[in-house]
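Read through the structure below, which is laid out as structure tokens, and then see the notes.
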Amino acid sequence: MKHAILILWPSFIVGGIGEVIFFTVFDPRELYLFGEATSLSRLAVYSIGFFLCWTFAAASSALTVFLAWPAKDADR
């Protein structure tokens, strides 16, 4: 459980910051997916954007926690 908190809490904060920065520059109504405008509402685009940012930040944090394990603990 401790590792999950070490991974998810910082990635939640970074995901929020990443979403704010991204959507400060880009308007959700002007985003295109496969050459066509998205038919999703702004709230849906914001939600998807946040979860994508959170997922990438969580993957980065998980890799950091994995690489921080001592070799003797990883061999067990």
Side-chain angles (χ1 to χ4, degrees):
M1 185 65 170
K2 182 180 178 182
H3 290 297
I5 293 171
L6 289 173
I7 293 168
L8 294 177
W9 180 241
S11 63
F12 178 82
I13 295 170
V14 171
I17 292 169
E19 181 188 19
V20 167
I21 291 171
F22 182 82
F23 286 116
T24 298
V25 177
F26 299 103
D27 183 20
R29 296 280 182 188
E30 296 176 1
L31 294 178
Y32 288 86
L33 184 63
F34 302 117
E36 296 182 17
T38 60
S39 61
L40 301 171
S41 68
R42 284 183 172 217
L43 182 60
V45 174
Y46 287 139
S47 299
I48 292 169
F50 170 73
F51 284 114
L52 284 174
C53 287
W54 191 10
T55 302
F56 286 128
S60 174
S61 294
L63 183 61
T64 301
V65 168
F66 176 73
L67 293 176
W69 282 350
K72 64 179 182 175
D73 291 341
D75 290 337
R76 291 186 198 171

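Position 1 is the first residue of the sequence, and the numbers go up from there.
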Can you check whether Arg29 reaches Val45 side chain to side chain, under 4.5 Å on heavy atoms?
-> no
Can you hop from Ile5 to Ile13 via hydrophobic side chains spaced under 4.5 Å?
-> no
Verify the cluster assignment for Ile48 and Val25: are they in a single hydrophobic cluster under the rule of side-chain heavy atoms below 4.5 Å apart?
-> yes
Using 30° and 60° as the class limits, which term best fits the ring planes of Phe50 and Trp54: parallel, tilted or perpendicular?
-> tilted
Write down the atom of Val14, the atom of Ala57, and the distance for their closest heavy-atom approach.
-> CG1-CB, 3.9 Å
Ile17 with Trp9, same ILVMFWY side-chain cluster at under 4.5 Å = yes
dist Phe56:CZ -> Ser11:OG (nearest 0.5 Å) comes out at 13.0 Å
Can you see which heavy atom on Gly18 is nearest to which on Cys53, and at what distance?
-> C-SG, 4.0 Å
Rounding to 0.5 Å, atoms CE (Met1) and CG (Leu6) come to a distance of 11.0 Å
Closest heavy-atom pair, Leu8 versus Ala58, reported as atoms and distance to 0.1 Å, is CD2-CB, 4.4 Å
Taking the six-membered ring for Trp, is the centroid-to-centroid distance between Phe22 and Tyr46 below 6.0 Å?
-> no
Say whether Ile21 and Phe51 are linked into one hydrophobic cluster, either directly or through other cluster members, by side-chain heavy-atom distances under 4.5 angstrom.
-> yes
Given the rule that I, L, V, M, F, W and Y join up when any side-chain heavy atoms are under 4.5 Å apart, are Phe26 and Val20 in one cluster?
-> no
